[in-house]
Amino acid sequence: MRRRMQRNIWIAATIIGLLATVLIGAVRIHTLKKENEETQVRLEREVQQGIAKEIFRLHVVANSDTEEGQNLKLQVKTGIVDYLEEVLGEDRSLDATKEGVLTHLDEIEKTARQVMADRGYDYTVTAAVEKTYFPDKTYGDCTFPAGEYEALNVKIGEAKGHNWWCVLYPGLCFLNTTNAVVPEEGKQKLKSVLTEEEYEQITSTTEF
C-alpha cells in the first residue's frame, strides 16, 4: 500500500514537473515573441524616421470627395507641380528645396487660386510647410512607411476630401510616373539620398 502511494506521488510529481516545464516554455516563447515584435516595430520606426529626414513631400487635399472636388484637386496639383518645377528645378538639395518652397508660399497659393478661378471656383486655399502624419503610401512601385514627414500641405476649401501626394525632394514629382511605376531615374534619386536599408524597405514588395 505504501509503495503504491509512493508510486502515485512520484507520478503526480512527474506530471506536475512536466506541466511546469511546458508552462515555463510557453511563457518564454510568448515573451520572446513579444520582444521580437517590439524590436521589429522599433526598427521599422527608426527606418521610417531615417527616410523622413531625407525626403520632402507635397500634399494636396481636396475640398471634398465628390467627383468635382477630386477633379479640381488634380487640376490644382498639376498647376502647383508645374510652377514648382519652374522655380525649383530638379537638382536642388533638400534644404534648398524647403527654402525655395517657404519663400514662394504666397505664389503657390496664388497659382492654386488661379487654377480654380479659370474653372469657375473660388474656394479658399492655404499652403504651409509642416510636419504631417501619413499612413502607408504607395508611389508607383515604391511604398513609403506610415509616420510623420515634413511636407508642403496645400488645402483646398474645407479640405475634407482625399489627398494627392508626391515626393518633392528628391524631385519625383517632376518625373513621368505613368503606369504606376517610378522610373529608374526616380529610384536612383531615392537611392542617392537614402541608406541601403531605407531604400530596400521602400522598394520591397513585402509589407513594411
Which side-chain N or O atoms in residues 98-106 pair as donor and acceptor under 3.5 Å with protein atoms at least two apart or in another chain?
from, atom 1, to, atom 2, distance (Å)
K98, NZ, E150, OE1, 2.7
T103, OG1, E99, O, 3.0
T103, OG1, G100, O, 3.0
H104, ND1, G100, O, 2.7

Task: Centroid separation F144 to W165 less than 6.0 Å - done: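 They qualify: ring centres under 6.0 Å apart.
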
Open item on the list: Keeping Q201 on the side-chain end and T143 on the backbone end, is there a donor-acceptor pair under 3.5 Å?
Closed with: no

Taking the side chain as every heavy atom from C-beta outward, state whether [X] and [Y] have any atom pair closer than 4.5 Å.
| X | Y | value |
| --- | --- | --- |
| Q114 | K110 | no |
| L175 | L172 | yes |
| Y169 | L88 | no |
| V125 | V76 | no |
| Q75 | L72 | yes |
| I156 | M116 | yes |
| L94 | V193 | no |
| F134 | H59 | yes |

Quick one: [atom1] on [X] to [atom2] on [Y], what's the gap to the nearest 0.5 Å?
| X | Y | atom1 | atom2 | value |
| --- | --- | --- | --- | --- |
| L84 | L168 | CG | CG | 5.5 Å |
| K137 | N163 | NZ | CG | 4.0 Å |
| T132 | E148 | OG1 | CD | 7.5 Å |
| T78 | K73 | OG1 | NZ | 10.5 Å |
| E46 | I51 | CD | CD1 | 12.0 Å |
| T195 | E200 | OG1 | CD | 8.5 Å |

- [ ] Give the C-alpha distance, both sets of side-chain angles, the deciding distance and a yes or no for side chain to side chain contact (heavy atoms under 4.5 Å, CB included) between Y121 and V115.
- [x] CA-CA 9 Å; Y121 298 96; V115 170; over 6 Å; no

Task: salt bridge (Lys or Arg N to Asp or Glu O under 4.0 Å): pairs with one or both residues in residues 49-66, sequence neighbours excluded - done: none

Open item on the list: With salt bridge (Lys or Arg N to Asp or Glu O under 4.0 Å) as the rule and sequence neighbours excluded, what pairs involving residues 113-122 come up?
Closed with: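 Listed once each, the pairs are E109-R113.
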
TODO: Return yes if a side-chain donor-acceptor contact under 3.5 Å exists between K191 and Q188, otherwise no.
DONE: no

State, to 0.1 Å, how close [X] and [Y] come at their nearest heavy-atom pair, and which atoms those are.
| X | Y | value |
| --- | --- | --- |
| A62 | G69 | CB-O, 3.8 Å |
| A127 | V154 | CB-CG2, 4.3 Å |
| A146 | Y133 | CB-OH, 3.5 Å |
| A112 | I80 | CB-CD1, 4.3 Å |

Open item on the list: Holding to disulfide (SG to SG under 2.5 Å), I want the full list of residues that pass it with C142, two or more places apart in sequence or in another chain.
Closed with: none

Open item on the list: Checking A128 now: which residues fulfil side chain to side chain contact (heavy atoms under 4.5 Å, CB included) with it, not counting sequence neighbours?
Closed with: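 Here the qualifying residues are E130.
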
TODO: Following the transitive rule for hydrophobic clusters with a side-chain heavy-atom cut-off under 4.5 Å over Ile, Leu, Val, Met, Phe, Trp and Tyr, establish whether L58 and L190 coincide in one cluster.
DONE: yes

Open item on the list: Quick check on the hydrophobic clustering: are I55 and V47 connected, directly or via other members, by side-chain heavy-atom contacts under 4.5 Å?
Closed with: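 Yes.
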
- [ ] Show the numbers, then the answer: is there a side chain to side chain contact (heavy atoms under 4.5 Å, CB included) between W164 and V81?
- [x] CA-CA 12 Å; W164 178 93; V81 168; 4.0 Å; yes

Open item on the list: For Y123, give me all partners under side chain to side chain donor-acceptor pair (under 3.5 Å), at least two apart in sequence or on another chain.
Closed with: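 Applying side chain to side chain donor-acceptor pair (under 3.5 Å) to Y123 gives none.
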
